[in-house]
Amino acid sequence: MVGDDPTSADDGDPAVARVEVPVDTRAPGGTTNAYLLDGLLVDPAARTDALDAALAARGSLPSDDAGLGPASPADAPPIEAIAVTHAHQDHVGAVADYAALTGATVVAREGHADRFTEATGVAPDETVAPGETVANTAVRVVDAPGHAPDHVAFAAGGPSTAVRTVLCCGDLAVADGSVAVAAPEGDLSAYLASLERVRDAGYDRLLPGHGPAIDDPAATCDRLIEHRLARERDVIAAIDGGAADLDAVVDGAYERDLSGVRDLALATVAAHVEKLVAEGRIGEAWRARLADRGFD
């Protein structure tokens, strides 16, 4: 089981390990999970001794470069490629470092290479589309946009292997709380579709970008879908109640103190309003109100 140690294996599977990386993030806990998923390094958010040690244990870094940390099983595969679930800064900070140190193939999502390069400081060696495998690994790319336009997930295992099917899902899901889907990047329609697609795929376990592993993927996806639909109902109620601008919708849709997070609440409401306008459920006048606040 993935536990609370900085470095841990997934149910004893030598091909899957998580390293918690302290990073500047608004996610609870202040860490991003980097994963060694078969031969793929996912989301190296920062260079740390623990991540160095995990890579060195697989023969992917010289041992002199490793800090103290648990050794991986002898049959853990070396890292052949590096990729990210999406190009937000709290997921990409050490891509360039580990690319230089390991010589691994750097892979970006097809159609988003420029975004990847701008975020990481290194151009990808290859691009990959959903449904394809990453470089020379057996890890499959799964389409998962919504939190960000370039968001993907990475699946490993399955019926032909002795391990459970796991999905490294980035910021698609979390075990507790919710995921930010914030305008102008966040797309709620795409996010809900991604959750439904992952829920229906039957994965055994989700490995999120923040927090512990998720052993009830279907129930968690359903919870996150209902959370978004409940917020949507709150937004509609605020508009129906007379809210005439985004700030008034925020005040009506949230019944808690937003100190320190009001900017995120505003961007979340904007994403809901964008969805509702696109669906024709609220008036076109809201497009101008979004543009007035920079959400166009």
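- With contacts defined as side-chain heavy-atom distances shorter than 4.5 Å, the pair L51/P44 qualifies.
- Annotation for A271 and G186: closest pair CB-O, 4.2 Å, computed over non-hydrogen atoms.
- The closest donor-acceptor contact from the side chain of R223 to the backbone of A175 lies under 3.5 Å.
- Residues R26 and V261 form a side-chain contact, since some pair of their non-hydrogen atoms from C-beta on lies under 4.5 Å apart.
- You'll find the side chain of V128 stays beyond 4.5 Å of the side chain of E110, heavy atoms only.
- By the criterion of side-chain heavy atoms lying less than 4.5 angstrom apart, applied directly or through intervening Ile, Leu, Val, Met, Phe, Trp or Tyr residues, Y191 is grouped together with I214 in one hydrophobic cluster.
- Counted within 6.0 Å of CG on D292, heavy atoms from surrounding residues, nucleotides or ligands total more than 12; the atom is thus considered enclosed.
- By the neighbour-count criterion of 12 heavy atoms within 6.0 Å, atom CD of E118 is sparsely surrounded, having that number or fewer from other residues, nucleotides or ligands.
- Cluster annotation: L264 is not connected to L188 through the hydrophobic network of ILVMFWY side chains, with a link wherever side-chain heavy atoms come within less than 4.5 Å.
- A donor-acceptor distance shorter than 3.5 angstrom exists from the side chain of Q89 to the backbone of A119, with no hydrogens or angles considered.
- Closest of all the heavy-atom pairs between A54 and L36 is O-CD2, 3.9 Å.
- Put simply, I239 and V250 are part of the same group of oily side chains (I, L, V, M, F, W, Y) that touch within less than 4.5 Å, one to the next.
- Cluster annotation: L207 and V152 are assigned to the same hydrophobic cluster (Ile/Leu/Val/Met/Phe/Trp/Tyr, side-chain heavy-atom contacts under 4.5 Å, transitive).
- Taking 4.0 Å as the cut-off between side-chain N and carboxylate O, R262 and D257 do not count as a salt-bridged pair.
- Taking both residues in full, the closest heavy atoms of A46 and A94 are given as C-CB, 3.3 Å, listed atom of the first, atom of the second, then distance.
- The residues E80 and R58 are annotated as not salt-bridged, no charged nitrogen and carboxylate oxygen being separated by less than 4.0 angstrom.
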In sequence, state the C-alpha distance, the side-chain angles, and the governing distance for D215 and R205, and then conclude on salt bridge (charged side-chain N to carboxylate O under 4.0 Å, His left out).
-> CA-CA 5 Å; D215 287 315; R205 168 173 270 205; 2.6 Å; yes

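- Considering OG of S189 and CG of L276, their distance stands at 8.5 Å, rounded to 0.5 Å.
- Between the R289 side chain and the A244 main chain, a donor and an acceptor come within less than 3.5 Å of each other.
- With rounding to the nearest 0.5 angstrom, the CD atom of E20 is 4.5 Å from the OG1 atom of T31.
- Judged purely by atom type and a 3.5 angstrom limit, R293 has no side-chain atom pairing as donor or acceptor with the backbone of L266.
- No donor-acceptor distance shorter than 3.5 angstrom exists from the side chain of T120 to the backbone of V95, with no hydrogens or angles considered.
- The distance from atom CG of D43 to atom CG of D90, rounded to the nearest 0.5 Å, is 8.5 Å.
- For H88 and H147, the ring centers are positioned less than 6.0 Å apart.
- Closest approach of Y35 to C168, counting heavy atoms only: CD1-SG, 3.4 Å.
- Contact of the F154 side chain with the R140 side chain is not registered, since no non-hydrogen atoms from C-beta on lie closer than 4.5 Å.
- Using a 4.5 Å cut-off on side-chain heavy atoms (C-beta onward), L172 and V179 make no contact.
- Between T102 and I82 the shortest side-chain heavy-atom distance falls below 4.5 Å.
- Cluster annotation: L229 and L195 are assigned to the same hydrophobic cluster (Ile/Leu/Val/Met/Phe/Trp/Tyr, side-chain heavy-atom contacts under 4.5 Å, transitive).
- The closest side-chain heavy-atom distance from C221 to E196 is not below 4.5 Å.
- Between atom CG of residue L167 and atom CG of residue D204 there is a gap of 11.0 Å, rounded to the nearest 0.5 Å.
- Summarising the local packing, CG of D24 is surrounded by 12 or fewer heavy atoms from other residues, nucleotides or ligands at distances under 6.0 Å.
- In this structure a side-chain-to-backbone donor-acceptor pair under 3.5 Å is present from N33 to G211.
- Counting only residues at least two apart or in different chains, ring pair (Phe, Tyr, Trp, His ring centres under 6.0 Å) contacts with residues 250-296 are absent.
- Counting heavy-atom neighbours within 6.0 Å of E255 CD, excluding the residue itself, gives a total of 12 or less.
- P217 meets the side chain to side chain contact (heavy atoms under 4.5 Å, CB included) test with L206; sequence neighbours excluded.
- Heavy atoms from other residues, nucleotides or ligands lying under 6.0 Å from CG of D240 number more than 12.
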Start with the C-alpha gap between K275 and E232, add the side-chain angles, then the distance that decides, and say whether salt bridge (charged side-chain N to carboxylate O under 4.0 Å, His left out) holds.
-> CA-CA 9 Å; K275 175 178 179 290; E232 178 175 275; 2.6 Å; yes

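- Considering every non-hydrogen atom in both P149 and R109, the closest pair reads O-NH1, 4.3 Å.
- Between the side chain of T85 and the main chain of H151, no donor-acceptor pair closer than 3.5 Å is present.
- Checked by atom type and distance alone, the side chain of R231 pairs as donor or acceptor with a backbone atom of A253 at under 3.5 Å.
- In this structure, D38 contributes its side chain and L40 its backbone to no donor-acceptor pair below 3.5 Å.
- Within the structure, ring pair (Phe, Tyr, Trp, His ring centres under 6.0 Å) contacts touching residues 200-248 (residues at least two apart or in different chains) are H91-H210.
- Here the side chains of I282 and V273 are in contact, with some heavy-atom distance below 4.5 Å.
- With rounding to the nearest 0.5 Å, the separation of CZ in R47 from CG in L55 is 9.5 Å.
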Kindly indicate, with the supporting measurements, whether the criterion salt bridge (charged side-chain N to carboxylate O under 4.0 Å, His left out) is fulfilled by E226 and R228.
-> CA-CA 5 Å; E226 175 52 32; R228 284 292 151 216; over 6 Å; no

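- Looking only at distances, a side-chain donor or acceptor of T220 sits under 3.5 Å from a matching main-chain atom of D216.
- Residues A34 and V21 come closest through the heavy atom pair CB-CG2, 4.0 Å.
- To the nearest 0.5 Å, atom CG of residue L192 and atom CG of residue D187 are 9.0 Å apart.
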